[in-house]
Amino acid sequence: MDSIAKTPSAGSPGAPDDFLVQFQDVKKSYDGASFVVSGLNLAVRRGEFLTMLGPSGSGKTTTLMMLGGFERPTLGRILLDGKPVERLPPEKRNIGFVFQNYALFPHMTVAENVAFPLRYRGIKGADAAARVRRALERVNLGAFGDRRPVQLSGGQQQRVALARALVFEPSLVLMDEPLGALDKQLREHMQIEIKHLQVSLGITMVYVTHDQSEALTMSDRIAVFHDGRIQQLADPETLYTRPSNRFVASFIGENNTLPCTLVSQADGETAVRMPDGSVLKGMREGTNRLAGDLTLSIRPESLVLAGDRPMRHANHFTGTARDAFFLGDHLRLSVEAFGGQLLTARIPVREARRFAPGDTVALACHAADCRLLEA
Ligand code: ADP
Ligand code: MG
């Protein structure tokens, strides 16, 4: 039963009803002196896979704990289905949770572990057993109910934790670095599995990770956290191609970030002066007004060997090779240019040549791939 009174705007895009979760000016301080989360405004759409991505200590877990009801915001409001929930205990929020260390109870069977959240909700007997069976089948562990956690592989234990989060059919599931303990291959497999499950069950997911490739793989949108604040909120492609500041440019994928100063700015095209005095053209990004000192950001894969491909609207420059590493599908070339700046270029192997340290390298990049950020 949906107890929320629908407003006339229900269903129209961007209406508050589209959002299952809303953080409104949320701040959190543990010590009463400094905020570990500040000015948090974030709305999560129904059915969305939203990831909070950021380095350790950036406030991701704290944010998730406030949504789950395990921590109270110091200031601000959190709305779930349009209703404030700051005072609701976790078990009244209908939220499934997979914690950072998803600790299963070792003395309980798999089925007992999965049934655990049902106890809190007063669901017992045949109803509980049927729900447990359904949850285990969903994660392909239908035959494992009688085992103990120690008799399962890491990936299977992870799936039990998932079944435990899904067993009471929550509309919202929170996961905090759930795959951190698994090796790379299993982690990548589970990423796809969790994503499929989220889509097929139509669950809204708020997922925490510090792993940018995990975030790019799984998410509809990513909120990049740093110092307790969201630096950028966007879909994976936008985040990768149009980072709005230096932090995002360096945290998502790899980026060469070079100091430069503004020379001129006409609509769409901006010219900047590099440390050696040369002038490059770039796209302005992430900020309306540019002035003075800027950062030019170029992805390693956007740098190409000049002359290999005809390029229009491109910047050309030369540098000196410092190092070259063969990495199977590409050559990783490190080049000094613009008066002492070190750049990395990623050259596809079929376009690569041999480089010795000291060789002169002519490089080019499209102006559209040269993004200008605030210094
Ligand atoms: P993340 O999950 O992004 O690594 P956290 O939310 O865990 O970040 O932590 C953010 C900051 O809050 C860190 O500086 C951390 O030390 C601090 N912190 C987290 N939990 C507590 C707590 N229970 N008491 C005091 N400080 C905490
Ligand atoms: Mg954390």
Side-chain angles (χ1 to χ4, degrees), residues 1-5 20-21 44 46-49 64-72 78-176 178-179 181-182 190 193-207:
M1 263 298 284
D2 192 350
S3 60
I4 310 297
L20 182 59
V21 175
V44 184
R46 285 174 207 285
E48 178 174 36
F49 196 118
L64 211 62
M65 288 296 182
M66 290 192 286
L67 180 52
F70 304 98
E71 290 287 351
R72 276 246 190 121
I78 299 174
L79 308 185
L80 199 57
D81 240 340
K83 286 176 295 196
V85 292
E86 297 94 64
R87 284 162 200 290
L88 273 190
E91 67 276 11
K92 294 258 168 70
R93 296 189 185 199
N94 197 29
I95 295 177
F97 212 118
V98 179
F99 290 96
Q100 204 151 358
N101 45 1
Y102 48 85
L104 303 174
F105 302 110
H107 59 287
M108 291 186 191
T109 65
V110 164
E112 286 163 352
N113 266 283
V114 174
F116 194 76
L118 297 176
R119 283 204 221 158
Y120 277 101
R121 292 166 173 82
I123 301 167
K124 287 177 264 177
D127 185 12
R131 284 173 189 253
V132 169
R133 208 175 320 118
R134 213 156 48 228
L136 282 174
E137 271 160 17
R138 259 184 215 147
V139 298
N140 292 320
L141 288 176
F144 291 74
D146 294 330
R147 296 218 192 164
R148 307 253 165 205
V150 68
Q151 296 171 293
L152 302 180
S153 71
Q156 289 169 331
Q157 290 183 30
Q158 178 54 49
R159 298 220 295 269
V160 176
L162 201 56
R164 186 169 61 180
L166 296 173
V167 70
F168 51 92
E169 302 187 351
S171 51
L172 174 63
V173 172
L174 314 183
M175 294 196 184
D176 193 350
L179 307 180
L182 307 179
M190 288 299 297
E193 229 172 75
I194 292 174
K195 178 68 189 175
H196 283 165
L197 210 55
Q198 179 261 336
V199 172
S200 68
L201 299 178
I203 299 164
T204 308
M205 178 77 81
V206 180
Y207 191 94

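In this text the structure is predicted, and so the values were computed from the model without any measurement. For the numbers below, each heavy atom of this structure counts, side chains included, while hydrogens, waters and symmetry mates do not.
- The side chain to side chain contact (heavy atoms under 4.5 Å, CB included) test applied to Lys124 returns no partner, not counting sequence neighbours.
- With sequence neighbours left out, the side chain to side chain contact (heavy atoms under 4.5 Å, CB included) criterion links Ala115 to Val132.
- Taking the ring pair (Phe, Tyr, Trp, His ring centres under 6.0 Å) definition, one finds that Tyr120 meets it with Phe116, sequence neighbours left out.
- The shortest side-chain heavy-atom distance between Met205 and Ile194 falls under the 4.5 Å cut-off.
- Contact of the Val114 side chain with the Leu141 side chain is not registered, since no non-hydrogen atoms from C-beta on lie closer than 4.5 Å.
- Listed by chain and residue number, Phe49 satisfy the ring pair (Phe, Tyr, Trp, His ring centres under 6.0 Å) test with Tyr207 (two or more places apart in sequence, or in another chain).
- Residues that satisfy the side chain to side chain donor-acceptor pair (under 3.5 Å) test with Gln156, not counting sequence neighbours, are Ser153.
- The list of ring pair (Phe, Tyr, Trp, His ring centres under 6.0 Å) pairs with a residue in residues 138-171, not counting sequence neighbours, is empty.
- Heavy-atom minimum distance, Ile203 versus Ser171: CG2-O, 3.9 Å.
- In this structure, the side chain to side chain donor-acceptor pair (under 3.5 Å) partners of Glu48, at least two apart in sequence or on a different chain, are Arg221.
- For Glu71, the side chain to side chain donor-acceptor pair (under 3.5 Å) partners at least two apart in sequence or on another chain are Lys28.
- With rounding to the nearest 0.5 angstrom, the CG atom of Leu201 is 12.5 Å from the NE2 atom of His196.
- Side-chain atoms of Asp176 and Phe99, non-hydrogen and from C-beta on, never get closer than 4.5 Å to each other.
- With rounding to the nearest 0.5 Å, the separation of OG1 in Thr109 from CZ in Arg148 is 6.5 Å.
- Legend: residues meeting side chain to side chain contact (heavy atoms under 4.5 Å, CB included) with Arg134, ordered by chain and number and at least two apart, are Arg131, Arg138, Glu169.
- Contact annotation: the side chain of Leu20 approaches that of Asp81 to within less than 4.5 Å [non-hydrogen atoms, C-beta and beyond].
- Nearest heavy atoms, Pro149 versus Met108: CD-O, 3.1 Å.
- For Leu136 against Ala163, the heavy-atom pair with the smallest separation is CD2-CB, 4.2 Å.
- The minimum heavy-atom distance between Ile95 and Gly68, with the atom names listed, is CD1-CA, 4.4 Å.
- Interatomic distance, Gln157 CD to Arg147 CZ, rounded to the nearest 0.5 Å: 11.5 Å.
- Every residue two or more places apart in sequence or in another chain that forms a side chain to side chain contact (heavy atoms under 4.5 Å, CB included) with Pro90 is listed here: Phe70.
- Annotation: side chain of Leu67 is in contact with side chain of Ile78 (closest heavy-atom distance under 4.5 Å).
- Side-chain contact between Gln151 and Val110 is absent, with no heavy-atom pair separated by less than 4.5 Å.
- The two residues Val167 and Arg164 have their closest heavy-atom pair at CG1-O, 3.4 Å.
- Looking only at side-chain heavy atoms (C-beta outward), Val85 and Leu79 stay at 4.5 Å or farther from each other.
- The list of side-chain hydrogen bond (donor to acceptor under 3.5 Å, both in side chains) pairs with a residue in residues 86-96, not counting sequence neighbours, is empty.
- Checked against salt bridge (charged side-chain N to carboxylate O under 4.0 Å, His left out), Arg159 has the following partners two or more places apart in sequence or in another chain: Glu193.
- Closest heavy-atom contact between Ala165 and Pro170: O-CG, 3.3 Å.
- Annotation: Asp127, atom CG; neighbour count of heavy atoms from other residues, nucleotides and ligands within 6.0 Å is above 12.
- The CD atom of Gln198 sits 11.0 Å away from the CG atom of Leu166 when rounded to the nearest 0.5 Å.
- Proximity of Leu172 to Thr204: side-chain heavy atoms (C-beta onward) are separated by under 4.5 Å at one or more points.
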